Every structure is written in structure tokens, then in C-alpha cells.
Amino acid sequence: MTHLYKSVPVRSSEITPKDTYLSRRDFMKAATVATGAALLSACAPSVADEIQNAEPVPTSSATDELGDPLNTYEDITNYNNYYEFTVDKQQVAAEAKGFTTSPWTVEVGGLVNKPKTFGIEDLLKEFPQEERIYRLRCVEAWSMVIPWEGFTLAALLNMVEPTSDAKYVRFETINRPEEMPGLKSPFYPWPYQEGLRLDEAMNDLTLLATGLYGEPNVPQNGAPIRLVVPWKYGFKSIKSIVKIELVAEMPATLWNSIAPNEYGFYANVNPEVNHPRWSQATERRIGELSRRPSLSFNGYGEQVAALYDGMSLVENY
Ligand SMILES: Nc1nc2c(c(=O)[nH]1)N[C@H]1C(S)=C(S)[C@@H](COP(=O)(O)O)O[C@H]1N2
Ligand SMILES: [Mo]
């Protein structure tokens with residue numbers, strides 16, 4: 001599915017709660033079809049007729065593949081982890097407001113045949129944007145269901161052609177202290193870095209997200225471009241990426257270098273391996289009252305479990 005990106009910022013009046021999300025999309029689709037038809041034929045039904053006749057989409061279809069409803073745009077953009085701004089989840093949106101996301105470049109290099117620095121507009125043009133509804137499971141045991149827009153990391157990596165020596169991918173977030181007050185905290189080894197094994201990076205689930213709910217990303221969610229690895233704890237899904245490097249050795253990651261016994265390199269969602277300070281067996285879905293069981297690989301085992309055949313998931317947490 002391709003999307004046209006609005007060139008104007010989203011007004012809060014346009015923010016779509018989950019109930020009307022799909023019906024608005026269908027409304028837009030119907031409007032586009034009707035306009036096309038009207039151009040082709042004078043006896044085409046009017047745009048208004050087409051829209052009235054557009055089939056209503058039941059709100060229950062706005063779910064993930066397990067049938068769970070999407071979190072609201074409000075929730076997704078107001079309950080965030082983004083330590084470069086603040087460690088207070090409900091203040092990230094305010095602290096990140098006005099963060100400069102244009103111009104923006106992503107440097108892709110290291111062990112590749114065709115290193116290239118992409119402007120964000122090249123990435124949006126070069127790679128068709130598709131929608132992916134994914135669960136996000138934070139290592140802190142809360143979760144959401146988020147409709148992302150983006151393209152696969154595999155598509156980008158294939159373009160730069162990793163060499164046979166490339167075994168891992170390293171990612172880096174922008175380091176801009178003037179706009180990111182959290183970077184003053186000397187406790188963290190900035191910039192935020194993350195990594196994946198190359199086969200994990202090439203898996204079709206691994207997304208570079210450029211938007212959510214049909215709108216471009218907002219700063220608190222990692223604008224303009226962030227990683228989404230849905231079968232791993234949320235901290236792997238690094239935000240506001242400026243550098244992607246193919247490397248031979250397992251790269252250092254911010255959380256692993258601070259507390260290696262608490263945050264492993266793999267960080268696959270695993271209800272059977274507890275965090276040293278809390279259980280990972282259950283989670284709180286934002287917007288729900290009771291806890292729900294956490295799922296192995298966050299429910300994506302069918303697509304990814306084979307990546308870890310023969311590996312101990314207890315040792316490689
Ligand atoms: N650069 C950067 N990326 C980051 C983080 C961060 O603090 N800095 N937090 C991570 C954590 S812990 C989570 S749970 C997710 C949250 O993504 P969201 O706020 O879009 O839901 O972003 C991840 N990516
Ligand atoms: Mo997280």
C-alpha cells in the first residue's frame with residue numbers, strides 16, 4: 001500500500017481515533033476513485049454519491065492479526081520512551097516538540113559494495129511505503145498495537161549490497177544536544193546505538209518506519225525514521241536514525257553496555273526469561289486494566305523462531 005504524505009503538519013483536530021481510522025481511509029479511497037471516474041466520464045456518479053455508497057468498514061477490523069484493537073494515536077504519541085529528550089514518558093511529546101527533522105540524512109556504509117547517504121526524501125521516494133500493524137512490547141512490561149508506515153530494512157540493505165564479511169548491522173541515533181535535553185545526562189553513553197544480526201536485519205518483519213496512523217512520524221516516535229523490530233523488546237527499535245553500518249563483529253548497544261546482565265544483545269520477547277528485577281510473563285496493554293500473558297517472540301514466532309535454531313534463548317537473552 002502506498003501513501004501520499006501530507007505536506008502540512010497534523011492539526012490535533014485531524015488526529016484520528018482508532019474507531020474512525022479505517023473508515024476515513026476508505027473515505028479517502030472512495031474519494032480518489034470517484035474523482036478519477038468523474039474525469040473519465042461525464043455520466044459517472046457524483047463524488048458525493050460514491051462516498052455515500054462506499055462500504056462502511058466495521059471498527060473491529062482495526063486490529064492486529066490476533067484481533068487486538070489498535071492503540072489510539074493519542075496513546076501512541078503521548079506515552080513514549082525517548083531518553084534523549086526525557087525519561088518521563090508522558091513528557092517526551094512536549095520536550096520533543098519542534099525537534100528539527102528536515103533536512104535529514106541517513107548514512108549507510110561499512111562492509112557494503114555501494115555505500116550511500118540518503119536524504120529522507122530519497123528514502124520515501126525510492127522505497128514504496130506500506131502499512132504494518134505491529135505489537136510493541138517494552139522490556140518494562142507494557143505494550144501497544146501500532147499501525148506503522150514504512151519499508152523493510154532488507155530493501156535498503158539490498159540496495160547497498162552487504163559484502164560477505166558483513167555479519168551485523170549497527171544503528172545510531174542523532175546526537176543533537178541543542179535540541180535534546182536528555183543528552184546532558186552523563187549516565188548514558190550517548191549516542192544511542194543498537195544492533196541486529198544480519199539475518200535478523202534481513203527478516204521481512206524488520207521495518208524502517210517513517211510514519212504511523214497514515215501520518216509522518218512525530219518526533220516523540222522517532223521522526224523522521226526509526227527501526228521497528230516487533231519480536232524484540234522495544235529498546236531495540238532505535239529512533240531518529242542517522243547512521244546504519246554493516247560490521248563484522250557484534251556491535252555495542254547502549255543498554256547492553258550499561259547493564260549487560262539486564263539487557264542482552266538479542267532481547268527477543270520471552271515470557272520465560274525474567275528481567276533480573278521483574279517478571280516478563282505478563283504485560284499491561286496501554287488502555288487496558290488487567291494484565292495479559294506475554295507471547296514468545298511477541299507472537300511472531302512463526303516468522304522468526306528459526307533464526308535462533310540451536311541457540312539457547314536463556315543464555316542469549
Ligand atoms: N534513540 C532512542 N531510541 C529508542 C529509545 C530511546 O530512548 N532513544 N527508547 C526505546 C524504547 S525503550 C522503546 S519501548 C521504544 C518506544 O517507542 P515509542 O515511543 O515510539 O512507542 O523506543 C525505543 N527506541
Ligand atoms: Mo522500552
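Atoms within a ligand are numbered from 1 in the order they appear, just like the ligands themselves. What you see is a predicted model; the values in this text were computed from it and never measured. Scope of the values below: all heavy atoms of this structure, side chains included, with no hydrogens, waters or symmetry mates. Sequential numbering from 1 along the given sequence is applied to the chain's residues.
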Backbone, side chain, both or neither: what part of [X] comes under 4.0 angstrom of ligand 1, heavy atoms only?
X    : value
N80  : both
R226 : side chain
V92  : neither
E84  : side chain

Among all protein non-hydrogen atoms, which one is nearest to [atom], and what is the separation to 0.1 Å?
atom                    : value
atom 15 (C) of ligand 1 : G234 O, 3.6 Å
atom 21 (O) of ligand 1 : L136 CD2, 3.4 Å
atom 6 (C) of ligand 1  : Y192 CE1, 3.3 Å

Are the aromatic rings of [X] and [Y] close, with centres under 6.0 Å apart?
X    : Y    : answer
F297 : Y308 : yes
Y213 : W148 : no
Y317 : Y266 : no

### Query
Does N81 reach the side chain of E140, with side-chain heavy atoms less than 4.5 Å apart?
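N81 reaches E140 side chain to side chain.
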### Test of proximity, K239 against ligand 1: N or O pairs below 3.5 Å
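Yes - when backbone and side-chain N and O of K239 are compared with those of ligand 1, one distance drops under 3.5 Å.
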### Message
So is S237 touching ligand 1 or not, going by heavy atoms under 4.0 Å?
### Response
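It does; at least one heavy atom falls under 4.0 Å.
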### Task
Ignoring hydrogens, just give me the one of V229, N81, I286, N221 whose non-hydrogen atom is nearest atom 12 (S) of ligand 1.
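Among V229, N81, I286, N221, the closest heavy atom to atom 12 (S) of ligand 1 comes from N81.
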### Task
Counting heavy atoms only, name the option from A223, A96, C138 that's nearest to atom 14 (S) of ligand 1.
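When every heavy atom of A223, A96, C138 is considered, C138 comes closest to atom 14 (S) of ligand 1.
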### Task
Report yes or no: is the cationic atom of R226 (NZ for Lys, CZ for Arg) under 6.0 Å from the centre of the six-membered ring of Y82, at an angle within 45° of the ring normal?
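Judged by the rule (NZ or CZ under 6.0 Å from the ring centre, within 45° of its axis), R226 is not positioned above Y82.
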### Query
With respect to V145, which candidate in I286, I133, L66 satisfies the side chain to side chain contact (heavy atoms under 4.5 Å, CB included) definition?
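That would be I133; it is the only one of I286, I133, L66 passing the side chain to side chain contact (heavy atoms under 4.5 Å, CB included) with V145.
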